[in-house]
Amino acid sequence: MITVAYVGFGVSVREYHIPYVENRDDVRVKYVFRRAEDIPQFAEYEPFYPEIRFTTDFNEVLNDPDVDLVVVNTPDRFHVPYAKQILNAGKHALIEKPFAPTAAEAREVFDLAKEKGLICMPNQNRRFDADFLAVKEVVASGKLGQLVRLESHYDYFKTNGWYDHLGTLYNLAVHTIDQVISLLGMPDSTHFDVRSIHHPGVGDDYYDLEFHYGNCKASVNTSMCVLIDYPRFTLHGTNGSFTLPPVIHNSGKKKVVGRHKISTAMASENRWGTLVYMKDGEKVTEKVPVGCAHYERVYDSLINAIENGGEKCIKDAEVIRVLEILEEATAVARSHGGAQA
């Protein structure tokens, strides 16, 4: 049994963490820690979690011998300080993305975890998005032949962009880059086109990040100027093609005060993918079902690593490479919003 404490009580904790562990036999959620000044923001949700102790004393969490794992869900700038404090207190740590502002700081945290004999991992839960799991299934089937092209789009239409500052890369591309690297590995070379459309010089609201793998090119794309439905994923191979509908943005969903419940139902058929490939000289068209997200797999891996010494599903080297890419791409946005070879 792993006893868990959460740092923060925002949407991430309430929708992407607690619902995926609350019914497990091997996890007990004991604490939610928040600074006193943060309590008013989500105080109305507290009564829906009577089994959890809410505290404003972080030392109470760190000094409790029952607590095995502390999960950090705070603004980005607090991730590294909290991670180090947790590890120095002898607790394992799961850190929300982005794991750290820089690859160098990530290395420091991983080195500290190794020194202490503890497990520390980022919550790159979108490796287990329903649509991305469908992509992995299609690639693994071999029906596409040799993969030649992969496009990952996460687009919006926002007349004022998403942020009036740098942040889109670190809060969105951190997931889509990680998906590509988890699927295809470390790229041979990269090319970045990052622009400041709505807030010139201070934003990163458009990017087209290219990753080359021999004869295959993968790209991660986001724009705030897309008013039509654009496929979430498009794949082309030497034997076929695959496409998936655009994502339904969580940001547009109405938030209901209460205890969040996850759905394990399959996506409706209009959200399924379309696979077209050649078989025995004939063109075959198949619909590829899209199931539900499996964010609990992050905890499966984490608990296996803590209790059995198993390998983490999100490897340190992958985390560091993603952060290096984010740093490089952000530097392009900071310079002039142009392209970098």
Axial cation check for Tyr49 ring with Arg14, 6.0 Å and 45° limits: no

Atom of Met121, atom of Lys312 and distance for their closest heavy-atom approach: SD-CB, 3.6 Å

Leu133 side, atom CG; Cys292 side, atom SG - distance, nearest 0.5 Å: 8.5 Å

Ile52 reachable from Ile39 in the ILVMFWY side-chain graph, under 4.5 Å edges: no

Evaluation steps, ring-ring contact (aromatic ring centres under 6.0 Å, His included), between Phe110 and Phe99: CA-CA 11 Å; Phe110 288 136; Phe99 184 76; 4.7 Å; yes

Main-chain N/O of Gly161 paired to Asp205 side chain as donor or acceptor, under 3.5 Å: no

Modelled atom types, side-chain donor and acceptor of Thr55 and Asp57, under 3.5 Å: no

For Leu94 against Leu302, the heavy-atom pair lying closest together: CB-CD2, 3.9 Å

Cluster link Tyr45 to Phe54, ILVMFWY, side chain under 4.5 Å: yes

Within 6.0 Å of CG in Asp25, more than 12 heavy atoms from elsewhere: no

Asp204 side-chain N/O to Ala333 backbone N/O, donor-acceptor pair under 3.5 Å: no

Stepwise side-chain hydrogen bond (donor to acceptor under 3.5 Å, both in side chains) check, Arg149 with Ser241: CA-CA 9 Å; Arg149 184 79 172 94; Ser241 297; over 6 Å; no

Side-chain touch Glu210/Phe192, heavy atoms, less than 4.5 angstrom: no

Asn63 CG: over 12 foreign heavy atoms closer than 6.0 Å: yes

CG on Leu323 to OG1 on Thr330, rounded to 0.5 Å: 10.0 Å

More than 12 heavy atoms from other groups under 6.0 Å of NZ on Lys287: yes

Steps toward salt bridge (Lys or Arg N to Asp or Glu O under 4.0 Å) verdict (Arg321, Glu318): CA-CA 5 Å; Arg321 187 68 187 107; Glu318 294 170 336; over 6 Å; no

Trace of the side chain to side chain contact (heavy atoms under 4.5 Å, CB included) decision for Val13 with Val71: CA-CA 9 Å; Val13 170; Val71 183; over 6 Å; no

Heavy-atom side-chain proximity of His212 to Pro187 below 4.5 angstrom: no

Thr74 (side chain) donor-acceptor with Gly8 (main chain) under 3.5 angstrom: no

Contact summary for Gln124 and His175, nearest pair of heavy atoms: NE2-ND1, 3.2 Å

Hydrophobic cluster identity match, Trp162 and Leu166, side-chain contacts under 4.5 Å: no

Student check: side-chain heavy atoms of Asn125 and Arg297 closer than 4.5 Å: no

With Val70, the side chain to side chain contact (heavy atoms under 4.5 Å, CB included) member among Leu87, Ile95, Ile86: Ile86

Expected output: side-chain Lys91 to main-chain Val67 donor-acceptor under 3.5 Å: yes

Main-chain N/O of Pro98 paired to His79 side chain as donor or acceptor, under 3.5 Å: yes

Derivation of the side chain to side chain contact (heavy atoms under 4.5 Å, CB included) call for Asp316 and Lys114: CA-CA 11 Å; Asp316 296 358; Lys114 288 172 187 171; 3.7 Å; yes

Ser182 (side chain) donor-acceptor with Gln179 (main chain) under 3.5 angstrom: yes

Straight-line distance of Asp193 CG to Tyr207 OH, nearest 0.5 Å: 12.5 Å

Derivation and outcome, side chain to side chain contact (heavy atoms under 4.5 Å, CB included), residues Phe33 and Tyr82: CA-CA 12 Å; Phe33 161 74; Tyr82 272 125; 3.4 Å; yes

Main-chain N/O of Gly203 paired with Ser196 side-chain donor or acceptor, under 3.5 Å: yes

For Leu326 against Ala173, the heavy-atom pair lying closest together: CD2-CB, 4.3 Å

Side-chain heavy-atom pair Leu275, Leu144 within 4.5 angstrom cut-off: yes

Heavy-atom check, side chain of Tyr277 versus side chain of Asn239, under 4.5 Å: yes

Side-chain heavy-atom pair Phe211, His191 within 4.5 angstrom cut-off: no

Distance (rounded to the nearest 0.5 Å) between His153 NE2 and Asp229 CG: 13.0 Å

Donor on one side chain, acceptor on other, Asn308 and Asn304, under 3.5 Å: yes

Hydrophobic cluster membership, Val226 vs Leu209, 4.5 Å side-chain cutoff: no

Spacing of CG belonging to Asn123 relative to CG belonging to Asn73, to within rounding of 0.5 Å: 7.0 Å

Side-chain donor-acceptor contact under 3.5 Å, Asn221 with Tyr230: no

Close side-chain approach of Phe128 and Val298, heavy atoms under 4.5 Å: yes

Whichever hydrophobic residues join Phe157 through chains of side-chain contacts under 4.5 Å: Leu227

Modelled atom types, side-chain donor and acceptor of Arg35 and Thr56, under 3.5 Å: no

Main-chain N/O of Ile119 paired with His92 side-chain donor or acceptor, under 3.5 Å: yes

Lys/Arg-Asp/Glu bridge criterion (N-O < 4.0 Å) met for Asp300, Arg24: yes

Verdict with reasoning, Val29 to Glu22, per side chain to side chain contact (heavy atoms under 4.5 Å, CB included): CA-CA 7 Å; Val29 179; Glu22 61 187 356; 6.0 Å; no

Ile2 side chain reached by Val21 side chain, heavy atoms, under 4.5 Å: no

Tyr299 and His17: side chain donor to acceptor below 3.5 Å: yes

Approximate separation, where rounding is to 0.5 Å, of Glu324 CD and Thr190 OG1: 10.0 Å

Nearest heavy-atom neighbours spanning Glu311 and Ser301: O-OG, 3.7 Å

Stacked cation flag Arg195 on Tyr206, 6.0 angstrom / 45 deg: yes

Residue from Glu51, Glu15, Glu46, Glu44 passing salt bridge (Lys or Arg N to Asp or Glu O under 4.0 Å) with Arg259: Glu51

Within the 6.0 Å centroid threshold, strictly below: Phe9 and Phe42: no

Nearest non-hydrogen partners of Gln146 and Asn215, listed with the distance: NE2-CB, 4.1 Å

Same cluster (ILVMFWY, side-chain, under 4.5 Å), Val61 and Met1: no

